[in-house]
Each structure stands twice: as structure tokens, then as C-alpha cells.
Visitor: 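This is the structure I have questions about; it appears just below.
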Amino acid sequence: MCSIIAYASCNGSDVSSILLDSLSLLEYRGYDSVGIAVLNDSSIIVRKGVGNVKDVNRKHRLEELVGSIGIGHTRWATHGSISDLNAHPHTSCDGRIAVVHNGIIDNYLELREGMLKDHSFKSETDSEVIAHMLEQLLSRHKDIKDAMVTLLRLLHGSYAFVALLNDGTLVGSRYNEPLIVGVVSSANNNLYYYAIKDEEDNRYNDLFCSSCFISSDVLAFIKYTDKAIFLSNGEFFILRPIKDGYRLSIYDTEGNKISKQITQIAWELSSYVIDKGKYAHYTLKEIHEQEYTIARALCSKINHEFITRLIDAKRVIVIGSGSSYNASLYAKHLLARVGVNVDACIASEVRYSISIDSNDVLLAISQSGETADLLDAVRYAKSKGCKILSIVNVNTSSLARESDYFTSINAGPEIGVAATKSFTAQLAVIYKVASLIARENNNYDYSIYYDSLGSAISKGIKDIIAKENILSSIADTIKGVNDIYVIGKGINHIIALEGALKLKELAYIHAEAINAGELKHGPLALIDNSRNSAVIALNVKDHTYKDVINNVKEVKARGGYVIGISDCYEYKECYDVMLNLPSIYDVNTNCNSVDTISYESLAYPIYQCIPLQLLAYNIAVKRDYNPDYPRNIAKSVTVT
Ligand code: BG6
């Protein structure tokens, strides 16, 4: 997925530094190449190149571009190699239109070889067709609105795009990719917006704005305004420069003017400081933030209807991608324990491996709420009459807006591409949901319980983070291995899956989660004394402890190198090195534990997950990789 930004400033102030600032906040969406285009007088100047925002700006001096209207882009390559020519913005043959695009134009080759065969293309991308289409349709229709209506009829695929025209007009539209308008009003900067009657049809209002943002994510402009307009599928906007500002008009696919609601973005997001602070990387900062985010997630408000829908469902299907799929497996584990008929499925598999009907409830889990595989599964399930519940981190996301009920994990923006704080906050909310289901029939106020559980777990996390030096030396020992096998049993196997994913995402190590009991049925053949591989045993003092110790001994017997992550010293000598976890028995929740869901089911998974995150992070840094922007992946992939 890519990121898009456009900014039209008031009183002619230059936009390039603001565009670059926003792009650096959106870089988690894609960092193969970067580019901006600004309008200077009536010429569009484009500067772009391969690399991240800082490097491309240094090399091509993007911030020196002068102009008060501009567009920008960071790329996650799908069509065409990572190259300067394939970087966005792309321009029309006459250079009077520049376009930035996120998504995939499925019929781009047809358009290139068909109605655009006389155009000369500079890139291999699908996106460039939009610039040439607009050029062609504008010369046919002479009116940008009519050109846009025809364009949207001819474009097939998923898209969010913004085009800059050399008369200072910005136009754009979206289909299955997010596109948000940010309208700015701040008295001290004399920035404002208001409705203006449309001369042609006074039923509808245009909006006068002194300055305006358009972007893939509110994060890009949240520090300038918390007022946003979320475009729906097929809608398009035209922003025309007028005296002292801009006129914003929004249309449906047919070109009928529509009025759109202005949404107030949650203050939590607008007050969140998005910078690394004292940390070397966002990923490390977000790992450390778990001291607070899990307790906050445990206090998340869960709508009662959300709980009753899960209880009354014939079957609940929990879906997710990446770390959110691992959280779905955790949900399946806990919901089954409170009597819910539940199944879990990888989001991109829903269409192919699970039959759904209207009695089912789909519980979709996603940090960003924009992952295309998941949104596709949600729309598929909806078409089968399914009720949609979701657990998200971005309350303004497409998933939250397309769900019947959603619950937020309130983890704050997560910039590091690999999920860390969002995953553990998902576990905390899932734990709360399951325990609320378990307690549905007794009206005891459990909020005290979640508060004390939250603060107890925060203390444990503090202890673990204080041991980062031990994890750093373990990372030193294993940074050269080719393979890592993370073993665990029961609920701990789910954390083994998450740990293996972090080692892949951050340290680029082939890591595999193996159910400890399965070792002797095959994977044990991978173990030898060559030190080219290592085993991490998740071995907490729960009902799996003894079994996993036996599996550890099987590995040791073949000369394998074993790292133990445990809160029990009983068989300490079985490991080559052990990371000692805080005892969960300090988690005194002064609450009856007759419950079917004891706090172990949250404390242990979290206490095991954080050392795995820190280990993957430390190996990545020691291998000189950038943990925030791992190669080839992006924060959430908005293309299927
Ligand atoms: C991937 C990210 O693109 O998407 C993972 O690299 C993430 O970290 C996965 O877990 C799913 O994202 P989301 O936003 O749907 O939870």
C-alpha cells in the first residue's frame, strides 16, 4: 500500500515542507520511493526518487520546491520495479496533470493499449494511466466534473488518487482505498471554513476552506486539524482555488453534488505526540509503551450489544491478517472456553475455506482497519447476511465504519510496521470480552478487577523491559543463526506464532512456531549441534510446563541450543540460557478466581510476547536493519 497527501495552503505559503512532514508520518504505509509535485505559477514541478522521505529529500531537495498547492506520495511497489521512473507523482503527456495513487488499477493494460495508445508512458506502473485518462477526458469534456464521471466509469480496481491540475484545481476519488479530506480552521492562523450555497443547485453546499488537506490517513494532518470528511466508495471531490481560499465540492459517482458530514476526530488521536522521543526507533518506543497500553485496553468500553451478539451467535468466526490473525487464534481459544461456538480463519482465506450464513457473526480484528484482505472478507460475509463485529485500533477506519459494532483497543497510533503494542492490546480487549461473556449472568461490577489486573500486568512488563540487556546479549549469541524454532503448548503456542512472525518481520530470520508436542513427529529432524539454528522454549509454570521441559530435553539430546522463557527455575539447567519472567502470582486482583477465565490467560501470553518482541528488535538492530521499516512489507496492506 502507498500513502497519499495533498495540501492547498492559504495566503500562498509554500507547501513542500508540510507535504514532506506528512509523508514522513505516513511512511509506514510504504517506503520504496517518495515524490512530490507542486504548482508554481501554472507549471507543475515534480521531484521524486527511490528511498525513504529523508534520503530522497536530501538527494532531490524536495523541500526547496516553491508553490502553495501540492501533492505527495510514498510507494509500496506492486506494479513496476522500485525505480525513480516508477515513483509517483506521474504526469500526463502535456505535464499539466500530476497524479498520486494508492491501490491497483486492474484494467490499466487495456486502457494503455486501448484509448491511451497514442499517449507516451514514462513508467511501468498501473497508476500512470490516471494522469493520461484525465488528460484525454478533459480534452473531450472540457469540464473536470464530467471528465471525472467518465474516468470513474472506466477505471476498474481499487484506488484512492489525487490529481493536481495546472490551473490549481485538485480532484480525487476512492474505491476500496481510504481517502480523507481535512478541513482546517484555526482562529490564531486565521484559517476557517464555512458552507457556501451552490449557485446551480442550492440544495447542496460547497465548502469554503482557507486551506485543505487530502490524505490516506488522518495521521497526516491531525496536528493541523481534527475536522475530517471521509469519502465513501465512488465519491469524488473537486477543490477549486477561489478568492482567499478554495471551494470544495463533493459528488457521487454520477456527478450529483452531495453534502458530507464533517467528522470530529477523537481528541486522543489529536493529542498523541507522534515522534520517537528518546527512543532509537518507533518499534522500541511502542514496545515500551505496553507498560500503559495494556492497562488502557483493559479499560476499553465494550458495548453490551457487542457481548450479547457473541453470546447469541450460532457460530462466531474470528478473522485477521498477520499479527491480528494470531490475535484471532487467541480469541478462538478464550471464547471457546466461555462456551461460544467459535472458529478462526485467516482473512484472505474466508472466501475459499469457510462457509458462512446469516446466523454467523464475523468478529474481524485489525490494527489499521484498512487491510484489504480483511475488508474483502467483511464485505463478503456481509453479502451473506452476517453481522459484523470488529476490534480495531483506528476508530475512523473503514472497518470500524463498516461494522455493526466495534470496540477500540485504544493503543494510540502505531508507526512501527511490525505490530507490537497493538497485538498485546488486542489480547487485553479479547480477554475482557471473554471474561464479560463468562460473567454475563452475574451482575458483579468487575471494573475494579480490570483496573487492578491492568496495573499488575504493567508492573510485570516494567520488570521484563528492565531485563532488555539480557535479551540484547541473547540476541548477540543468536544473531548469526539461519533458523529459529519457537516452541510452546496450548495458549503459549499462539504466542510462539507471534514471536516467529516478529523474528521474520524484523530480523529477516526464517523462524517457525512449532507446537512443542509435535517436535518428535518431524521437526526434531531439523535440530543439530551446528549452532546454525536456535530453539526458544515458551515454558511458563502453567499446565504445559512439564511436557515442554520434556520437549526441551529432546532438543538438548540432539545438541540443539535452547533459550528458555519462563517464570520457573525448577529445570533451569535444561536451557542454555533462561530469561526469567516476573511471577504472575504477584497479580493479586483481589477478585474471585472461580471465573472460567483466570488472569493467567492474559498475563502469561503478554509476559512471553514482550521478550520475543525485544529479541527480534535487538537482532534486527545488530544486523543493521531498520526495525521501523522492514523490507518488502508495509503497516497494513490495502491491496488484496
Ligand atoms: C501487515 C503488517 O501488513 O498487516 C502486520 O506488517 C499486521 O504487522 C498485518 O499484523 C495486519 O494488519 P492489521 O492492521 O489488519 O492488523
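This one's a predicted model, so the numbers in the text were calculated from it and none came from an experiment. Counting starts at 1 for both ligands and their atoms, in listed order.
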Visitor: Counting only heavy atoms from other residues, nucleotides and ligands, does the tally under 6.0 Å from OH of Tyr175 exceed 12?
Guide: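 Atom OH in Tyr175 is not crowded, with 12 or fewer foreign heavy atoms closer than 6.0 Å.
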Visitor: Note the single closest protein heavy atom to atom 1 (C) of ligand 1, along with its residue, its atom name and the distance in Å.
Guide: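 Here the nearest protein heavy atom works out to Lys635 O, 3.5 Å.
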Visitor: What protein heavy atom lies closest to atom 12 (O) of ligand 1? Include the residue and the distance to one decimal.
Guide: Thr371 OG1, 3.4 Å
Visitor: Given 3.5 Å as the limit, does a donor-acceptor pair link the side chain of Asp126 with the main chain of Tyr108, or not?
Guide: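 Here the side-chain-to-backbone pair does not exist.
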Visitor: Is there a polar contact between ligand 1 and Val417, counting only N or O atoms under 3.5 Å apart?
Guide: yes
Visitor: By number and element, which atoms of ligand 1 are closer than 4.0 Å to a non-hydrogen atom of Ser366?
Guide: 13 (P), 14 (O), 15 (O), 16 (O)
Visitor: Scan side-chain atoms only and decide if Glu349 and Ser353 contain a donor-acceptor pair under the 3.5 Å cut-off.
Guide: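 Yes, because at least one side-chain N or O of Glu349 sits under 3.5 Å from a partner of the opposite role on Ser353.
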Visitor: Between Tyr224 and Phe213, how do the two ring planes meet: parallel, tilted or perpendicular, split at 30° and 60°?
Guide: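 Judged by the thresholds at 30° and 60°, the geometry between Tyr224 and Phe213 is parallel.
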Visitor: Pick from Ile105, Leu179, Leu155: which one makes a side-chain contact (heavy atoms from CB on, under 4.5 Å) with Phe161?
Guide: Leu155
Visitor: Which one of Gly320, Gly322, Ser368 has a non-hydrogen atom at the shortest distance from atom 14 (O) of ligand 1?
Guide: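 It is Ser368 that holds the nearest heavy atom.
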Visitor: Which part of Glu370 is near ligand 1, with near meaning a heavy atom under 4.0 Å away: side chain, backbone, both or neither?
Guide: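 Within the 4.0 Å criterion, Glu370 makes no contact with ligand 1.
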Visitor: Is Leu374 touching ligand 1 with its side chain, its backbone, both, or neither, if touching means heavy atoms under 4.0 Å apart?
Guide: neither
Visitor: Side chains of Thr125 and Ser127: do they bring a donor and an acceptor to under 3.5 Å?
Guide: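 Ser127 and Thr125 do not have a side-chain donor-acceptor pair below 3.5 Å.
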Visitor: Would you mind listing which atoms of ligand 1 come within a distance below 4.0 Å of any non-hydrogen atom of Glu505?
Guide: 5 (C), 6 (O), 8 (O)
Visitor: Would you call Asp360 and Arg315 a salt bridge, using N to O less than 4.0 angstrom?
Guide: yes
Visitor: Give a yes or no on this: more than 12 heavy atoms of other residues, nucleotides or ligands lie within 6.0 Å of atom OH of Tyr292.
Guide: no
Visitor: With no hydrogens and no angle check, do the side chains of Thr420 and Gln613 hold a donor and an acceptor under 3.5 Å apart?
Guide: no
Visitor: Looking only at protein heavy atoms, which one is nearest to atom 11 (C) of ligand 1, and what is the separation?
Guide: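 Among all protein heavy atoms, the one nearest atom 11 (C) of ligand 1 is Ser321 O, 3.2 Å.
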Visitor: For atom 10 (O) of ligand 1, what's the nearest protein heavy atom and its distance?
Guide: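 Protein heavy atom with the smallest distance to atom 10 (O) of ligand 1: Ser323 N, 2.9 Å.
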Visitor: Check each atom of ligand 1 against the heavy atoms of Ala419 and keep those under 4.0 Å away; list them by number with element.
Guide: 8 (O)
Visitor: For atom 3 (O) of ligand 1, find the nearest protein heavy atom and state the residue, atom name and distance (0.1 Å precision).
Guide: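 The protein heavy atom lying closest is Ala634 O, 2.7 Å.
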Visitor: What protein heavy atom sits nearest atom 16 (O) of ligand 1, and how far away is it?
Guide: Ser324 OG, 2.6 Å
